[in-house]
Visitor: 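Got a structure here, written out as C-alpha coordinates. Questions coming.
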There are 2 protein chains.
Amino acid sequence: MDPDAEIDPDGPVTPYRQLAEILRARIDRGDWKPDRPIASETQLVQEYGLARTTVRRAIKVLVDDGVVYVVPARGTYVAAKK
Amino acid sequence: MDPDAEIDPDGPVTPYRQLAEILRARIDRGDWKPDRPIASETQLVQEYGLARTTVRRAIKVLVDDGVVYVVPARGTYVAAKK
DNA sequence: TCTGATTTGTCCGTATGTATG
DNA sequence: TCATACATACGGACAAATCAG
(Lines give C-alpha, C1' and ligand atoms only; values in the text may rest on other atoms or scores of the structure.)
Protein backbone atom coordinates (compact mmCIF):
# COMPACT_ATOMS: atom_id res chain seq x y z
CA MET A 1 0.00 0.00 0.00
CA ASP A 2 1.24 3.49 -0.85
CA PRO A 3 1.87 5.42 2.38
CA ASP A 4 1.16 8.64 0.53
CA ALA A 5 -2.20 7.54 -0.85
CA GLU A 6 -5.24 9.70 -0.26
CA ILE A 7 -8.66 8.70 0.98
CA ASP A 8 -11.37 8.09 -1.59
CA PRO A 9 -14.59 8.83 0.32
CA ASP A 10 -16.89 7.40 -2.35
CA GLY A 11 -14.92 4.29 -3.16
CA PRO A 12 -16.13 0.77 -2.39
CA VAL A 13 -13.51 0.37 0.33
CA THR A 14 -14.65 2.04 3.50
CA PRO A 15 -12.59 5.12 4.50
CA TYR A 16 -11.52 3.73 7.85
CA ARG A 17 -10.07 0.66 6.17
CA GLN A 18 -8.25 2.81 3.65
CA LEU A 19 -6.78 4.89 6.46
CA ALA A 20 -5.76 1.82 8.44
CA GLU A 21 -3.69 0.57 5.52
CA ILE A 22 -2.14 3.98 4.92
CA LEU A 23 -1.12 4.27 8.56
CA ARG A 24 0.26 0.75 8.52
CA ALA A 25 2.33 1.65 5.47
CA ARG A 26 3.59 4.81 7.13
CA ILE A 27 4.68 2.87 10.19
CA ASP A 28 6.45 0.32 7.98
CA ARG A 29 8.18 3.17 6.22
CA GLY A 30 9.38 4.53 9.53
CA ASP A 31 7.33 7.70 9.85
CA TRP A 32 6.89 6.78 13.51
CA LYS A 33 9.23 4.69 15.66
CA PRO A 34 8.47 1.93 18.20
CA ASP A 35 7.15 3.21 21.54
CA ARG A 36 6.82 6.69 20.06
CA PRO A 37 3.42 8.29 19.44
CA ILE A 38 1.95 8.51 15.98
CA ALA A 39 -0.04 11.58 15.00
CA SER A 40 -2.93 12.43 17.31
CA GLU A 41 -6.47 11.64 16.28
CA THR A 42 -7.13 15.34 15.78
CA GLN A 43 -4.11 15.69 13.52
CA LEU A 44 -5.22 12.71 11.45
CA VAL A 45 -8.69 14.19 11.21
CA GLN A 46 -7.26 17.36 9.71
CA GLU A 47 -4.72 15.63 7.51
CA TYR A 48 -7.15 13.17 5.94
CA GLY A 49 -10.39 15.10 6.16
CA LEU A 50 -12.25 12.42 8.07
CA ALA A 51 -14.40 12.42 11.19
CA ARG A 52 -12.72 11.43 14.42
CA THR A 53 -14.91 8.40 14.76
CA THR A 54 -13.60 7.20 11.44
CA VAL A 55 -9.99 7.80 12.47
CA ARG A 56 -10.61 5.91 15.68
CA ARG A 57 -11.98 2.99 13.75
CA ALA A 58 -8.86 2.86 11.63
CA ILE A 59 -6.71 2.90 14.76
CA LYS A 60 -8.75 0.09 16.26
CA VAL A 61 -7.88 -2.06 13.26
CA LEU A 62 -4.20 -1.54 13.98
CA VAL A 63 -4.68 -2.11 17.70
CA ASP A 64 -6.41 -5.39 17.00
CA ASP A 65 -3.51 -6.31 14.74
CA GLY A 66 -1.01 -5.45 17.45
CA VAL A 67 0.61 -2.76 15.34
CA VAL A 68 -0.08 0.08 17.78
CA TYR A 69 -1.34 0.52 21.34
CA VAL A 70 -3.36 3.34 22.83
CA VAL A 71 -2.63 5.17 26.08
CA PRO A 72 -5.68 7.13 27.24
CA ALA A 73 -5.20 10.88 27.24
CA ARG A 74 -1.62 10.36 26.02
CA GLY A 75 -1.63 9.08 22.50
CA THR A 76 -1.35 6.12 20.19
CA TYR A 77 2.02 4.41 20.15
CA VAL A 78 3.79 2.17 17.69
CA ALA A 79 4.13 -1.31 19.17
CA ALA A 80 7.67 -2.58 19.55
CA LYS A 81 8.44 -5.40 17.16
CA LYS A 82 8.65 -8.77 18.76
CA MET B 1 -33.34 0.47 -24.04
CA ASP B 2 -34.09 4.13 -23.42
CA PRO B 3 -32.31 5.23 -20.23
CA ASP B 4 -34.95 7.88 -19.72
CA ALA B 5 -37.90 5.52 -19.98
CA GLU B 6 -40.46 5.42 -17.23
CA ILE B 7 -41.92 2.45 -15.47
CA ASP B 8 -45.20 1.11 -16.81
CA PRO B 9 -46.83 -0.68 -13.87
CA ASP B 10 -49.48 -2.30 -16.04
CA GLY B 11 -47.28 -3.46 -18.89
CA PRO B 12 -46.47 -7.06 -19.73
CA VAL B 13 -42.93 -6.69 -18.42
CA THR B 14 -42.68 -6.76 -14.64
CA PRO B 15 -41.58 -3.46 -13.04
CA TYR B 16 -38.35 -4.80 -11.57
CA ARG B 17 -37.27 -6.03 -15.03
CA GLN B 18 -38.12 -2.69 -16.56
CA LEU B 19 -36.07 -0.92 -13.90
CA ALA B 20 -33.16 -3.30 -14.35
CA GLU B 21 -32.97 -2.46 -18.04
CA ILE B 22 -33.30 1.25 -17.40
CA LEU B 23 -30.47 1.16 -14.89
CA ARG B 24 -28.35 -0.90 -17.25
CA ALA B 25 -28.95 1.69 -19.96
CA ARG B 26 -28.04 4.51 -17.61
CA ILE B 27 -24.79 2.81 -16.71
CA ASP B 28 -24.01 2.25 -20.39
CA ARG B 29 -24.70 5.88 -21.02
CA GLY B 30 -22.24 6.84 -18.31
CA ASP B 31 -24.56 8.19 -15.63
CA TRP B 32 -22.40 6.31 -13.15
CA LYS B 33 -18.74 5.37 -13.54
CA PRO B 34 -16.89 2.14 -12.66
CA ASP B 35 -16.27 1.67 -8.94
CA ARG B 36 -18.50 4.65 -8.20
CA PRO B 37 -21.86 4.27 -6.46
CA ILE B 38 -25.11 4.43 -8.35
CA ALA B 39 -28.15 6.04 -6.72
CA SER B 40 -29.11 4.57 -3.35
CA GLU B 41 -32.08 2.27 -3.02
CA THR B 42 -34.01 5.04 -1.29
CA GLN B 43 -33.32 7.45 -4.11
CA LEU B 44 -34.42 4.93 -6.71
CA VAL B 45 -37.58 4.25 -4.74
CA GLN B 46 -38.45 7.92 -4.83
CA GLU B 47 -37.36 8.51 -8.40
CA TYR B 48 -39.31 5.64 -9.92
CA GLY B 49 -42.16 5.37 -7.44
CA LEU B 50 -41.51 1.73 -6.67
CA ALA B 51 -41.36 -0.30 -3.48
CA ARG B 52 -38.01 -1.01 -1.93
CA THR B 53 -38.33 -4.69 -2.61
CA THR B 54 -38.87 -4.01 -6.28
CA VAL B 55 -35.79 -1.84 -6.51
CA ARG B 56 -33.75 -4.48 -4.76
CA ARG B 57 -34.93 -7.11 -7.18
CA ALA B 58 -33.87 -4.96 -10.09
CA ILE B 59 -30.44 -4.49 -8.56
CA LYS B 60 -30.13 -8.21 -8.01
CA VAL B 61 -30.58 -8.75 -11.74
CA LEU B 62 -27.64 -6.48 -12.44
CA VAL B 63 -25.56 -8.09 -9.69
CA ASP B 64 -26.19 -11.50 -11.17
CA ASP B 65 -25.14 -10.12 -14.55
CA GLY B 66 -21.95 -8.72 -13.06
CA VAL B 67 -22.90 -5.18 -13.98
CA VAL B 68 -22.83 -3.88 -10.42
CA TYR B 69 -21.74 -5.08 -7.01
CA VAL B 70 -23.12 -4.24 -3.61
CA VAL B 71 -21.13 -3.15 -0.55
CA PRO B 72 -23.19 -3.37 2.66
CA ALA B 73 -23.74 -0.06 4.40
CA ARG B 74 -21.92 1.69 1.55
CA GLY B 75 -23.90 1.40 -1.63
CA THR B 76 -24.21 -0.28 -5.01
CA TYR B 77 -21.22 0.18 -7.30
CA VAL B 78 -20.71 -0.08 -11.03
CA ALA B 79 -18.46 -3.02 -11.80
CA ALA B 80 -15.25 -2.20 -13.65
CA LYS B 81 -15.30 -3.49 -17.22
CA LYS B 82 -13.03 -6.40 -17.81
C1' DT C 1 -4.95 23.71 44.17
C1' DC C 2 -6.39 25.59 40.02
C1' DT C 3 -6.62 26.51 34.99
C1' DG C 4 -6.10 25.74 30.19
C1' DA C 5 -4.57 22.91 26.45
C1' DT C 6 -4.22 18.41 24.49
C1' DT C 7 -5.53 13.69 24.02
C1' DT C 8 -8.49 9.75 24.10
C1' DG C 9 -13.38 7.96 25.54
C1' DT C 10 -18.45 7.73 24.94
C1' DC C 11 -22.94 8.67 23.09
C1' DC C 12 -26.38 9.84 19.63
C1' DG C 13 -28.31 11.01 14.96
C1' DT C 14 -28.35 9.99 10.03
C1' DA C 15 -27.80 7.05 5.99
C1' DT C 16 -26.93 2.76 3.74
C1' DG C 17 -27.97 -2.10 2.66
C1' DT C 18 -29.97 -6.77 4.96
C1' DA C 19 -33.42 -9.86 6.71
C1' DT C 20 -37.99 -11.27 8.03
C1' DG C 21 -42.92 -11.75 8.28
C1' DT D 1 -46.14 -5.22 -2.00
C1' DC D 2 -45.46 -3.36 2.36
C1' DA D 3 -43.82 -2.65 7.11
C1' DT D 4 -40.58 -3.21 10.59
C1' DA D 5 -36.50 -4.28 12.74
C1' DC D 6 -31.44 -4.95 12.20
C1' DA D 7 -26.26 -4.37 11.21
C1' DT D 8 -22.70 -1.41 9.50
C1' DA D 9 -20.61 3.18 8.45
C1' DC D 10 -19.97 8.09 9.01
C1' DG D 11 -20.12 12.43 11.45
C1' DG D 12 -20.76 15.68 15.41
C1' DA D 13 -20.94 16.89 20.32
C1' DC D 14 -19.72 16.37 24.90
C1' DA D 15 -17.16 14.01 28.76
C1' DA D 16 -12.93 12.13 31.01
C1' DA D 17 -7.93 11.81 31.59
C1' DT D 18 -3.31 13.76 31.50
C1' DC D 19 0.07 17.27 31.76
C1' DA D 20 2.28 21.92 31.97
C1' DG D 21 2.36 26.16 34.38
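Just so it is clear: chains get the letters A, B, ... in the order the sequence lines come, proteins before strands, and each one is counted from 1.
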Visitor: Tell me what B:Arg57 touches on the nucleic acid: a base, only sugar-phosphate, or nothing, going by heavy atoms under 4.0 Å.
Guide: base
Visitor: Quick one: does any side-chain atom of B:Gln46 pair with a main-chain N or O of B:Gln43 as donor and acceptor, under 3.5 Å?
Guide: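 The answer is no, because no donor-acceptor pair under 3.5 Å joins these two groups.
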Visitor: What's the CZ-C1' distance between A:Arg56 and D:dG11, to the nearest Å?
Guide: 14 Å
Visitor: So which nucleotide from C:dT16, C:dT18, D:dA9 ends up closest to the side chain of B:Pro72?
Guide: C:dT18
Visitor: Count the heavy atoms belonging to other residues, nucleotides or ligands that lie under 6.0 Å from CZ of A:Arg17, then report whether that count exceeds 12.
Guide: no
Visitor: What's the closest nucleotide to the side chain of B:Ala51 if the choices are C:dT18, D:dA13, D:dC2?
Guide: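 Nucleotide nearest to B:Ala51's side chain: D:dC2.
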Visitor: Of the listed nucleotides (D:dA9, C:dT8, D:dT18), which one gets closest to any side-chain atom of A:Arg74?
Guide: D:dT18
Visitor: Can you figure out which of C:dT8, D:dC10, C:dT16 approaches the side chain of B:Ala73 most closely?
Guide: C:dT16
Visitor: Run the side-chain hydrogen bond (donor to acceptor under 3.5 Å, both in side chains) test on A:Asp10 and B:Tyr77 for me, step by step, so that the C-alpha distance in whole Å, both residues' side-chain angles and the decisive distance to 0.1 Å come before the verdict.
Guide: CA-CA 10 Å; A:Asp10 298 320; B:Tyr77 291 75; over 6 Å; no
Visitor: What is the distance from CZ of B:Arg36 to P of C:dT16, rounded to the nearest Å?
Guide: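 In whole Å, C:dT16 P and B:Arg36 CZ are 16 Å from each other.
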Visitor: Among C:dT8, D:dC10, C:dG17, find the nucleotide with the atom closest to the side chain of A:Thr42.
Guide: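 From the listed options, C:dT8 comes nearest.
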Visitor: What is the separation between atom NZ on A:Lys60 and atom C1' on D:dC10, rounded to the nearest whole Å?
Guide: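 Rounded to the whole Å, the gap is 17 Å.
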Visitor: Take atom CZ of B:Arg52 and atom P of C:dG21, then tell me their distance rounded to the nearest Å.
Guide: 18 Å
Visitor: Are any non-hydrogen side-chain atoms of A:Leu50 and A:Leu19 less than 4.5 angstrom apart?
Guide: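 In contact.
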Visitor: So, are B:Asp31 and B:Arg36 salt-bridged, with charged N and O less than 4.0 Å apart?
Guide: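 Not counted as a salt bridge, because no side-chain N and carboxylate O are separated by less than 4.0 Å.
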Visitor: Would you mind reading off the distance between A:Tyr77 atom OH and D:dT18 atom C1', rounded to a whole angstrom?
Guide: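 To the nearest whole Å, that distance equals 10 Å.
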Visitor: Picking from C:dT8, C:dG17, D:dG11, which would you name as closest to the side chain of A:Leu50?
Guide: D:dG11
Visitor: Output the rounded distance in Å from CZ (A:Arg17) to C1' (D:dT8).
Guide: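 The answer, rounded to whole Å, is 12 Å.
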Visitor: Measure from the side chain of B:Glu41, starting at C-beta and using heavy atoms only, and say which of C:dG17, C:dG9, D:dA9 lies closest.
Guide: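 Minimum distance to the B:Glu41 side chain belongs to C:dG17.
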Visitor: Please determine if a side-chain N or O atom of A:Thr54 lies less than 4.0 Å away from the OP1 or OP2 oxygen of D:dG11.
Guide: yes
Visitor: Please report, rounded to the nearest Å, how far the P atom of D:dC10 is from the CD1 atom of A:Ile59.
Guide: 14 Å
Visitor: Output yes when at least one side-chain N/O atom of A:Tyr16 is less than 4.0 Å from OP1 or OP2 of D:dA9, else no.
Guide: yes
Visitor: With hydrogens left out and only the distance checked, is there a donor-acceptor pair under 3.5 Å joining A:Thr53's side chain and the base of D:dG11?
Guide: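 Result: at least one qualifying N/O pair found.
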Visitor: Hey, is A:Glu47 close enough to A:Arg26 for a salt bridge, meaning N to O under 4.0 Å?
Guide: yes
Visitor: CG of A:Asp10 versus P of D:dG11: gap in Å, rounded?
Guide: 11 Å
Visitor: If the cut-off is 4.0 Å, is A:Thr14 near the phosphate of D:dT8, judged by side-chain N/O to OP1 or OP2?
Guide: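 False: A:Thr14 side-chain N/O out of range (4.0 Å or more) of D:dT8 OP1/OP2.
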Visitor: D:dG12, C:dG17, C:dG9: which one has an atom nearest the side-chain heavy atoms of B:Val70?
Guide: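 Taking heavy atoms from C-beta onward, the closest nucleotide is C:dG17.
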